[in-house]
Amino acid sequence: MSTVTDNQPKLYAEAADFMPLNGTDYVEMYVSNAKQAAHFFRTAMGFQPLAHAGLMTGLTDRESYVVVQDKIRIVFTTPLKSGTKIGDHIDKHGDGVKVTALWVDDATHAYKTAIERGATSYMEPRVEEDAHGSVTRSGIYTYGEVVHIFVERNNYKGIFLPGFEKWETYNSNPDMGLKYIDHMVGNVELGAMNKWCNFYKEVMGFAQIISFDDNDISTEYTALMSKVMSNGNGRIKFPINEPADGKKKSQIEEYLEFYEGPGVQHIAVATDNIIDTVTKMRNAGVEFLRVPQTYYETVLDRVGSIDEDIAPLAELGILVDRDDEGYLLQIFTKPLTSRPTLFFEIIQRKGAQSFGKGNFKALFEAIEREQELRGTL
Ligand code: FE2
C-alpha cells in the first residue's frame, strides 16, 4: 500500500528534538585516487577547490582533497601506503561514501545521546585545534561501514577543519549551480530496512515521512522497498532501500553485490535551474540515465502544466513528477564509479516535497536496460 504523505510539516513534528542537526557538514569518500576524483568533481560537476591535507601538511599515510559548491562539501581520501583501514575499505567496496558528517552545536552531547540510545561508537569526542580555532568531532556507525560524524565548529574560522590547508590551485572551472544535499540514500540488505529506519528513529530522533513498497516500485523484473527518514527540521533526509523479490536481480541487489554490503546508493543535490545545471554537466562529460522519448509524450498529462518548456527537458532526459504540494524535476547520473554502485541525482523542487515516485517505473526500466548491458540483470 502506498502511504505517500500529504501533511509533512505535521510528520516532521513527530521527529524528536533530542539531537538537533543543523545540516550536512560534509561527505567523505574513500577513493583509490583522491587527486583524480577531485578533478572529476571539479571539471565535470562544478565543484571548486577548497582544502587539502597530505604530505605537505605533515600526514604520512593518507591524502585528502576537499571540494565545495555552495553548501556541499565533499572530501576525497586516499591512503599513501598499503595495509591501511582506508585501503581495506577501498579493496572491499571500491570507491564509496565512508562518512556523512552532520553539523551540530554540541558534538559531545550528540555522541553521548546516540550511544545511550544504542548507537555503536566510531570515534569518541575529540577536539582538534589550529590557529583558526577548534572543532570537536565524534562519530557513530550506521548501516554497513558507513559512519556519521558529528561536527561542532562554532569556534572555528579556518578553511575546513584543523589539519587542512587552503587548496591553492589554478581554477577556471565554473560553478554548475548545485546548492545543497537534498537527500542521501542507503541500500541495505533484504529484511534490514526496518531495522535501520528504527535506528534513525530511536537513536537520532528521526521520523518516517514516506514509504514505498513493491506495489509502488516494481517493473517486470525488479522491485524494491523504501522508507524516507527525516530529522525534525527536514534538513536531513535519509531514504533507506531494501530489495524486494523480482523475476531477476534488482538494482539494489546489484549494488549490494558489487559494493559487497550496504552503503550509500545515491546523493541527491539540489539546483535552482536544472536545465542549466544538467546542460553544463552533460557538456562536461557526466553520463545520465535516459528514459525513452515516449515518456515526454504523456508526462504533462500526468503532472499538469509546468513552468519549463518540455523540449529541453526531453533533450536532456530530465524527469518530472508532482505531489499535493507542487512538482519536481530530477535526473540521475549513471554510476560514477567503475563498480555499478554510487550515483548522483540532480533535483529541482518546485513545491513538491516527495521523491519522484511517478518516475520510478520509467527510471527502473532505464536502469534495467543498463543492467542488461552489464550482464547483471
Ligand atoms: Fe533520490
Side-chain angles (χ1 to χ4, degrees), residues 2-5 8 24 27 45 72 74 96-97 100 142-143 146 178-188 193 196-197 200 206 208-213 216-219 222-231 234-244 250-252 254-255 259 262-271 274 277-278 281 286-291 303 316-323 325-337 340-367 370:
S2 168
T3 49
V4 174
T5 65
Q8 291 199 341
T24 305
V27 172
M45 297 179 70
I72 313 164
I74 305 180
V97 173
T100 303
T142 176
Y143 48 80
V146 182
L178 301 179
K179 298 284 183 192
Y180 58 88
I181 293 176
D182 185 277
H183 59 277
M184 211 170 326
V185 181
N187 281 343
V188 301
M193 176 181 68
W196 289 107
C197 290
Y200 282 108
F206 283 35
Q208 181 187 319
I209 56 171
I210 297 182
S211 76
F212 309 106
D213 64 20
D216 298 313
I217 314 178
S218 64
T219 64
T222 195
L224 69 80
M225 315 232 273
S226 186
K227 288 183 176 174
V228 182
M229 305 302 293
S230 172
N231 79 322
R235 289 182 203 166
I236 311 284
K237 295 191 200 77
F238 291 145
I240 308 284
N241 297 332
E242 72 173 23
S250 74
Q251 51 164 308
I252 311 303
E254 184 194 39
Y255 177 101
Y259 201 71
V264 173
Q265 177 210 37
H266 76 266
I267 299 174
V269 286
T271 172
I274 196 167
T277 295
V278 172
M281 287 175 62
V286 176
E287 295 181 305
F288 292 96
L289 280 176
R290 300 295 306 230
V291 295
V303 303
L316 294 165
I318 294 166
L319 309 172
V320 194
D321 197 23
R322 183 178 285 280
D323 63 22
E325 295 169 278
Y327 70 96
L328 62 82
L329 303 150
Q330 65 185 165
I331 191 168
F332 299 83
T333 71
K334 292 185 182 180
L336 296 185
T337 48
T341 53
L342 178 73
F343 60 89
F344 269 60
E345 171 183 353
I346 316 300
I347 185 166
Q348 181 177 3
R349 295 188 179 279
K350 302 194 92 167
Q353 293 303 313
S354 51
F355 295 83
K357 184 177 114 170
N359 290 321
F360 287 169
K361 191 172 167 61
L363 201 62
F364 289 2
E365 285 168 352
I367 291 172
E370 295 279 318

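Every heavy atom of this structure was used, including side-chain atoms; hydrogens, water molecules and symmetry mates were not. Position 1 is the first residue of the sequence; numbering continues from there. Just so you know, ligand 1 is whichever comes first in the structure, and atom 1 is the first atom listed for that ligand.
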field: Salt bridge Arg349-Asp182, side-chain N to carboxylate O under 4.0 Å
entry: yes
message: Going by side chain to side chain donor-acceptor pair (under 3.5 Å), name the residues that satisfy it together with Tyr200, two or more places apart in sequence or in a different chain.
response: Thr142, His148
message: Considering the Fe ion (ligand 1), could you give the total of protein N/O/S atoms lying closer than 2.8 Å?
response: 3
- prompt: For Gln348 and Ile274, which heavy atoms make the closest approach, and how far apart are they?
  reply: OE1-N, 2.9 Å
message: For Phe238 and His183, I'd like to know if the aromatic rings sit close, meaning centre-to-centre distance below 6.0 Å.
response: no
statement: Sorted by chain and residue number, the side chain to side chain donor-acceptor pair (under 3.5 Å) partners of Glu242 (sequence neighbours excluded) come out as none
task: Sequence neighbours left out, what passes side-chain contact (heavy atoms from CB on, under 4.5 Å) with Glu370? Give chain and number order.
output: Leu289, Lys334, Arg374
